[in-house]
Amino acid sequence: MARIRLDHIRHAYTPELARAGHYALREIDHTFDDGGAYALLGPSGCGKTTLLNIISGLLTPSEGHVRFDERDVTELSPELRNIAQVFQFPVVYDTMTVRENLAFPLKNRKVPKAEIDTRVADMLRRIGLDAKADRKAQGLTADEKQKISLGRGLVRPDVNAILFDEPLTVIDPHMKWQLRSQLKELHRQFKMTMVYVTHDQTEALTFADKVVVMYDGEVVQIGTPEELFERPRHTFVGYFIGSPGMNVLDCQVDGTDAIVGAARIAIPGGARQAAAGAKTELGIRPEFVRIVPRGQGLPVTIDRVEDVGSERIVRASLYGQKLVSVIAEGAGLPAEADAVLEPGALNLYADSWLVERRPS
Ligand code: ATP
C-alpha cells in the first residue's frame with residue numbers, strides 16, 4: 001500500500017473553463033497516509049468524483065502532481081498505478097463463478113496457480129462467500145456482487161490503494177449496514193489505504209478514520225468524526241454534519257461578545273480575532289441548546305416540536321433567527337421558554353471560517 005500525496009492539485013475540465021476561472025477542483029493539497037481509511041464527503045457537484053479519478057489516473061489534473069510514496073504517478077494510467085476500484089454498480093463477470101471472478105486479476109498478472117488458489121480461498125472466507133464459491137455470479141444479489149468487486153481488489157498482492165465511488169448506492173438498506181461493518185473489518189485486517197466517496201454522512205462517519213469534507217471544489221475540513229462534530233472549521237461542515245445541522249446565527253462582534261438581536265453572548269476566547277468587516281456568525285449544535293423556563297436564558301419563541309424516537313427537536317426563534325434544540329424525549333417544555341447556549345460549544349465564524357480560540 002502507499003501514501004498518496006496530492007500536491008497542489010487544480011482541475012478544470014477544459015482550457016476555456018480554466019480561463020474563465022471555473023475549476024472543478026480549486027486547490028487540493030493533501031496527503032492520505034499509508035493504511036488510512038478516508039471518506040470524501042460532500043454534496044453533489046463538489047468535486048469528489050473528480051478527485052477520485054485524479055487519484056486513480058482516469059483523469060490527469062490541469063495543475064499539480066499526484067505521488068504514491070515518492071513516485072510521481074501524475075501521468076500514469078490506472079493499470080500502472082495498481083489501484084483497485086469499487087464503483088456504484090458492481091463490476092463482475094456474470095458467466096464466471098465467484099471463484100473465477102476472484103482469480104481473474106491474479107491470472108492476468110501471471111501469479112502462480114498455487115498462490116492463486118490459496119489467495120482466492122482466503123478471500124472467499126473473508127468476504128463470506130465460500131459457500132457460493134462455485135456458483136455463477138449472475139444469480140447473486142447486488143450486495144454479494146459488490147463483495148466480489150471488493151474481493152477482487154483485496155485479493156491482489158500489489159495494490160497501492162482501494163478507491164470506492166458510492167459503493168452502497170444499489171445495496172438494499174438493510175444490507176448496507178452489514179456491508180459497511182464488513183468493510184471496516186476488512187480494513188482492520190488488511191490495513192490498506194482506502195478512499196471512499198459518498199454524500200451520505202452516516203456512511204462516511206462509520207467507515208472512515210478521517211473524513212475529508214469537500215465543498216465547491218475545495219477541502220473545507222479533514223478530521224475525525226468527533227472533530228467535525230465539535231469544531232466545524234466551516235459553517236458548511238456544521239450544517240452538513242449532524243442531524244439536525246448546527247445552528248448558524250448572524251451576529252455582530254463587540255469585544256469578546258457576540259451580539260444577536262438584543263442578546264449579548266460571551267464567547268470563550270477568540271472573538272477579537274474576527275477580521276474587521278467580515279460577516280460574522282455564531283455556531284452552536286442543537287444538542288448544546290437547552291430550553292429552560294422564562295427568565296433563565298435568552299427569550300425564544302417555540303415554533304414547532306417534532307418527536308423523533310428518543311429525542312424531540314424543538315424549532316424556535318431567537319430575535320427572528322431560527323434556533324433548533326434537541327432535547328430528551330421525556331424532558332418537559334415550559335409554556336414560556338428561554339434558551340441557554342452552552343458556552344463551551346459556541347463557535348465564532350468570520351466569512352464562514354472558524355475563528356480559532358485563543359488558548360485558555
Ligand atoms: P456527484 O456526487 O454528483 O457525483 P461530485 O462531488 O462527485 O458529484 P464531480 O462529479 O467531481 O462532483 O463534479 C465536480 C464539478 O465538475 C461539477 O460542477 C460538474 O458539473 C463538473 N464536471 C464533472 N465532470 C465534468 C466533465 N466531464 N466536463 C465538464 N464538467 C464536469
Side-chain angles (χ1 to χ4, degrees), residues 4-30 32 37-66 73-75 77-78 81 83-91 142 146 149-150 153 161-171 173 176 179-180 183 193-208 210-223 225 228 232-243 245 352:
I4 300 172
R5 170 97 185 98
L6 302 172
D7 185 359
H8 296 90
I9 298 284
R10 302 185 80 203
H11 189 68
Y13 275 92
T14 63
E16 292 72 36
L17 286 168
R19 272 195 294 278
H22 293 309
Y23 280 79
L25 294 179
R26 295 201 275 162
E27 169 91 31
I28 308 279
D29 189 58
H30 175 61
F32 294 99
Y38 295 89
L40 298 184
L41 175 69
S44 184
C46 71
K48 306 178 296 291
T49 302
T50 305
L51 186 57
L52 201 70
N53 290 343
I54 285 175
I55 298 173
S56 72
L58 286 172
L59 209 56
T60 306
S62 321
E63 295 171 35
H65 295 269
V66 183
V73 299
T74 317
E75 302 295 333
S77 67
R81 291 187 190 193
I83 287 282
Q85 297 198 68
V86 181
F87 298 98
Q88 284 189 358
F89 298 97
V91 181
Q146 203 56 306
S149 300
L150 173 65
I162 305 197
L163 310 182
F164 300 86
D165 196 352
E166 308 250 5
L168 303 184
T169 308
V170 296
I171 307 300
K176 277 190 183 177
L179 210 55
R180 221 165 40 216
L183 198 56
T193 314
M194 283 184 167
V195 183
Y196 185 113
V197 161
T198 180
H199 60 262
D200 179 330
Q201 59 161 306
T202 313
E203 261 176 46
L205 299 176
T206 50
F207 165 78
K210 285 269 175 80
V211 180
V212 179
V213 185
M214 294 184 66
Y215 176 60
D216 199 14
E218 273 187 313
V219 171
V220 283
Q221 186 166 7
I222 301 170
L228 299 179
R233 277 195 60 218
H234 191 278
T235 49
F236 172 76
V237 179
Y239 148 81
F240 199 64
I241 307 275
S243 181
S352 304

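First listed ligand is number 1; within each ligand, the first listed atom is number 1.
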With atoms numbered from 1 as shown, which atoms in ligand 1 lie under 4.0 angstrom from a non-hydrogen atom of [X]?
X: Thr49; result: 4 (O), 5 (P), 7 (O), 10 (O), 11 (O)
X: Lys48; result: 2 (O), 5 (P), 6 (O), 7 (O), 8 (O), 11 (O), 12 (O)
X: Ala24; result: 15 (C), 16 (O)
X: Pro43; result: 6 (O)

Q: For atom 3 (O) of ligand 1, state which one of Gly42, Ala12, Ser44, Gly217 supplies the nearest heavy atom.
A: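 Comparing heavy atoms across Gly42, Ala12, Ser44, Gly217, the nearest one to atom 3 (O) of ligand 1 lies in Ser44.
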Under a 3.5 Å cutoff, is there a donor and acceptor pairing between the side chains of [X] and [Y]?
X: Glu16; Y: His22; value: no
X: Glu166; Y: Tyr196; value: no
X: Ser62; Y: His11; value: yes

Q: Check whether any N or O atom of Thr50, backbone or side chain, sits under 3.5 Å from an N or O atom of ligand 1, and answer yes or no.
A: yes
Q.
Cys46 versus ligand 1: do any nitrogen or oxygen atoms come within less than 3.5 Å of each other?
A. yes
Q: Kindly indicate whether atom 20 (O) of ligand 1 is approached by any protein heavy atom to under 4.0 angstrom.
A: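 Given the 4.0 Å cut-off, atom 20 (O) of ligand 1 does not count as touching protein heavy atoms.
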Q: Indicate whether atom 29 (C) of ligand 1 is within a distance of less than 4.0 angstrom of some protein heavy atom.
A: yes
Q. In the protein, which heavy atom is nearest to atom 24 (N) of ligand 1, and how far is it?
A. Tyr13 CZ, 3.3 Å
Q. Could you give the distance from SG (Cys46) to CD (Glu218), rounded to the nearest 0.5 Å?
A. 11.0 Å
Q: Nearest 0.5 Å please: distance from the CZ atom of Arg180 over to the CG atom of Leu205.
A: 9.5 Å
(Q) Ring centres under 6.0 Å, that's the criterion: do His234 and Tyr215 meet it? (A) yes
Q: Inspect the surroundings of NZ in Lys210 and state if more than 12 heavy atoms from other residues, nucleotides or ligands are less than 6.0 Å away.
A: no
